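Below: the structure, in structure tokens.
As the structure is a prediction and not an experimental result, all values here were calculated from the model. For the numbers below, each heavy atom of this structure counts, side chains included, while hydrogens, waters and symmetry mates do not.
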Amino acid sequence: MLSGDIPPNQSIYVKNLNEKVKKEELKRSLYCLFSQYGRILDVVALKTPKLRGQAWVVFSEVTAASNAVRQMQNFPFYDKPMRVQYAKTKSDCVAKADGTFVPREKKKKQEEKAERKRRTEEAQQSANANGRNAETNGGPTPPFRQGNQGAREAEAAPNNILFIQNLPHQTTSMMLQVLFQQYPGFREVRMIEAKPGIAFVEFEDDVQSSMAMEALQGFKITPQNPMAIAYAKK
DNA sequence: AGCACA
């Protein structure tokens with residue numbers, strides 16, 4: 001049955017997600033996966049009984065959401081085919097942006113009190129708020145240089161294995177798989193316990209590895225971590 | 001199956 005009765009929305013609703021995946025990893029992986037369609041403003045996932053296995057991805061453009069809905073239908077994500085629809089309502093983060101946000105209030109007094117307290121605490125901390133929406137990420141960016149600018153190490157010749165650097169330490173191989181398996185010829189991700197921040201990704205051949213490198217060069221899993229992709233040294 | 005914004 002097509003979910004065709006939901007009008008286009010810049011937010012998408014994703015369900016049939018693997019419930020074993022931790023919330024933060026899930027959000028990051030969704031971010032990684034969907035940022036190929038456009039700028040992502042927010043990813044929302046809750047693990048409450050009612051909301052586990054579901055998530056919302058908020059794009060800055062409806063067209064991005066439309067492409068995602070069409071193209072990511074049944075995409076195998078953590079071993080489960082994801083179901084993607086438009087969200088039924090506007091996300092808070094876009095309501096806030098267009099000024100139509102009204103805080104919902106279905107709380108009893110006690111909860112409100114706690115809420116208020118929390119907010120004032122937040123206000124104090126928001127000195128360092130360089131945007132809690134750290135997802136103002138921008139997704140893939142053009143190549144950049146990092147690390148050994150001076151001491152010019154010889155680059156490995158193109159081959160079927162990619163060497164990834166500058167990954168956030170929370171990166172898991174599943175997260176990288178999610179990203180790289182979108183490209184034809186993907187074989188596997190290898191990470192080394194003792195060496196966080198790097199990974200190897202193998203493709204069937206060097207043409208395919210090069211396509212993935214091109215597409216994901218500089219990709220940011222977090223804003224601070226544009227990934228540096230090179231060919232592995234054999 | 002399940003449409004929220006901790």
Worksheet item: Looking only at side chains, do A:Y86 and A:S66 share a donor and an acceptor under 3.5 Å apart?
Response: yes

Practice prompt. Give the nucleotide from the list B:dA4, B:dC3, B:dA1 with an atom nearest to the side chain of A:K88.
Written response: B:dC3

Practice prompt. Kindly point out which of B:dG2, B:dC3, B:dC5 is positioned nearest to the side chain of A:Q85?
Written response: B:dC3

Worksheet item: With a non-hydrogen cut-off below 4.0 angstrom, is A:K23 in contact with a base, only sugar-phosphate, or nothing?
Response: nothing

Worksheet item: Nearest to the side chain of A:S91, which nucleotide is it out of B:dC5, B:dG2, B:dC3?
Response: B:dC5

Fill in: Residue whose nearest DNA chain B nucleotide is more 5′ - A:A45 or A:A87
A:A87

Worksheet item: Should the pair A:Y13 and A:W56 be assigned to parallel (<30°), tilted (30 to 60°) or perpendicular (>60°) ring geometry?
Response: tilted

Discussion item. Parallel, tilted or perpendicular, judged at 30° and 60°: which one describes the rings of A:F219 and A:Y31?
Written reply: tilted

Practice prompt. Give the nucleotide from the list B:dC5, B:dC3, B:dA4 with an atom nearest to the side chain of A:S11.
Written response: B:dA4

Fill in: Length of the line joining A:L51:CG and B:dC5:C1', which is rounded to integer Å
10 Å

Practice prompt. Please work out if A:L46 contacts a base, only the sugar-phosphate, or nothing of the nucleic acid, heavy-atom cut-off 4.0 Å.
Written response: base

Worksheet entry | Side-chain N,O (A:K50) to OP1/OP2 (B:dA4) below 4.0 Å | yes

Worksheet item: What is the distance from NZ of A:K27 to P of B:dC5, rounded to the nearest Å?
Response: 12 Å

Item to complete: Confirm from the modelled atom types if A:T48 and B:dA4 form a donor-acceptor pair under 3.5 Å, side chain to base only.
Response: no

Worksheet item: Is there a donor in the side chain of A:K80 and an acceptor in the side chain of A:N16, or the other way round, less than 3.5 Å apart?
Response: yes

Worksheet item: Given B:dG2, B:dC5, B:dC3, which nucleotide is nearest the side-chain atoms of A:D92?
Response: B:dC5

